[in-house]
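Contents: one structure, followed by commentary.
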There are 2 protein chains.
Amino acid sequence: MPRAGLDPATVVAAGAALADEVGLDRLTMGLLAGRLGVRTPSLYKHVAGQDDLNRRIAALALSEAADAVGSAVQGRAGRDALAAAARAFRAFVLAHPGRYAATIGVEPTGPDDPMAAASRRLLEAFLAVLRGYRIAEADVDHALRMLRTLFHGFATLQAADGFQWSADIDESFAWLIDFADRGLRAG
Amino acid sequence: MPRAGLDPATVVAAGAALADEVGLDRLTMGLLAGRLGVRTPSLYKHVAGQDDLNRRIAALALSEAADAVGSAVQGRAGRDALAAAARAFRAFVLAHPGRYAATIGVEPTGPDDPMAAASRRLLEAFLAVLRGYRIAEADVDHALRMLRTLFHGFATLQAADGFQWSADIDESFAWLIDFADRGLRAG
DNA sequence: GCCAAAAGCTAATATGATTAGCCAATCGAT
DNA sequence: ATCGATTGGCTAATCATATTAGCTTTTGGC
């Protein structure tokens, strides 16, 4: 019986991929073990349990989202940066609904939690978008929360298929970006 | 053994209340049965299972949210209506996080699903807010989605404790309402 | 009062997470 | 090269929870 050669990173990556495929709620330890060619209890040598796995998937997702948004914003400013960031974020969530779902309702346990760092990086990327606008010092936090609200709200509603009615979603998304741009400019 | 006198509505109401108390993820059939003074299998005489229960809780939550937002909007227009609706929605989600969580990612099975009707009523209430603004016919759907995105995004992020950093949340919320109001006015 | 339906119950089954404890593969130091 | 400790995998067992089967008692309409 040769070893499978797993480590926490591999397990988490496979878990995230599987969550994207079948949905976070249908990600079971058994299914993940099967995917990795290993028996269920073996997973516990690499992650502490389902909670821990979920937390690690969340950290991975936040980190990847931060990368995606961060690089989308590179070299752009103002409306361009806003649109690029929004698109990057939405694309990430739609491409990886399972791992993004893992981030919802999970809090970092402490400042040394990798999730805290990833979360911070994502916020930095959002903050970079705001630098292209003339925002009063006192309003930056509010604007940051607004951006997060918009991005998170739109992505999760769409991922949950919560927009059933007629109008085209891409159009709505573009409209939303315009809306935010106007608001930030006029703020 | 006298009967407990349950019916689907009672079971669903108790389930929603319990979800609010302990969190939707910790709502188990056993816990609910205990709360109702009955053994677990008895619940299956009133709801078809956990999925069905969740779906019914979601319908209840949407219906209540529609009532709350609908009555908040009554007799108000424009910015007042927007602010009242936003506050009512947020208050509802914060007061009933468990049942609201039940609505996420659940789709009505058909047009006769009670959830569909409740969902429609909530949208009507949001639509009423928009009537106080001068919005081009073609933009109404987009604006509606924007409102839903904002309300849902803010409420869920806050409910999940996703706003950890410094600035005051109520202030951010007020700022967000201003932001939306300006945007809708200038649209 | 009688009877069908409804509402409870106990017991059984299934699935999934987790733990205990065993054993083989690997790795670092000699 | 090899010894010994560590590690990563396994099987078997336990526990929690959902769900189903099938029995029994209440209850509401006649």
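Every chain is numbered from 1, with letters handed out A, B, ... down the list of sequences.
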Could you state the atom-to-atom distance from CE of B:M29 to P of C:dG8 in whole Å?
-> 13 Å
So, is A:R3 close to the D:dT7 phosphate, meaning a side-chain N or O under 4.0 Å from OP1 or OP2?
-> no
Given atom CG of B:D7 and atom P of D:dG28, what is their separation to the nearest angstrom?
-> 13 Å
Starting from the 5' end of DNA chain D, give me the residue, B:G49 or B:K45, whose nearest nucleotide shows up first.
-> B:G49
Between P of C:dT15 and CG of A:L27, the distance in whole Å = 18 Å
Among C:dT19, D:dA18, C:dG8, which nucleotide sits nearest the side chain of B:Y44?
-> D:dA18
Atom pair distance, as rounded to whole Å: CZ in B:R39 and P in D:dT20 | 20 Å
Would you kindly give the CG-to-P distance between B:L18 and D:dT17, to the nearest whole Å?
-> 13 Å
Centroid-centroid under 6.0 Å between A:F89 and A:Y100 rings | yes
What is the distance, rounded to the nearest whole Å, between atom CG of A:L31 and atom C1' of C:dA17?
-> 14 Å
If you pin A:D51 and B:V38 to their nearest nucleotides in DNA chain C, which one's is more 5'?
-> B:V38
Any side-chain N or O of A:S42 under 4.0 Å from OP1/OP2 of D:dG8?
-> no
If only side-chain N and O atoms of B:H46 are considered, is one of them under 4.0 Å from the OP1 or OP2 phosphate oxygen of C:dG8?
-> yes
State whether the number of non-hydrogen atoms from other residues, nucleotides or ligands found under 6.0 Å of B:R121 atom CZ is greater than 12.
-> yes
Please say whether the positively charged group of A:R90, taken as NZ for Lys or CZ for Arg, lies over the ring of A:F173, i.e. under 6.0 angstrom from the six-membered ring centre and within 45 degrees of the axis.
-> yes
Looking at the side chain of B:L6, which of D:dT20, D:dG9, C:dG8 is the nearest nucleotide?
-> C:dG8
Determine whether the side chains of A:E171 and B:H142 contain a donor N or O and an acceptor N or O closer than 3.5 Å.
-> yes
Should the pair A:E21-A:R35 be classified as a salt bridge under the 4.0 Å nitrogen-to-oxygen rule?
-> yes
Atom CG of B:L53 and atom P of D:dT17 are separated, to the nearest Å, by 15 Å
Whole-Å distance, B:Q50 CD to D:dA16 P, equals 17 Å
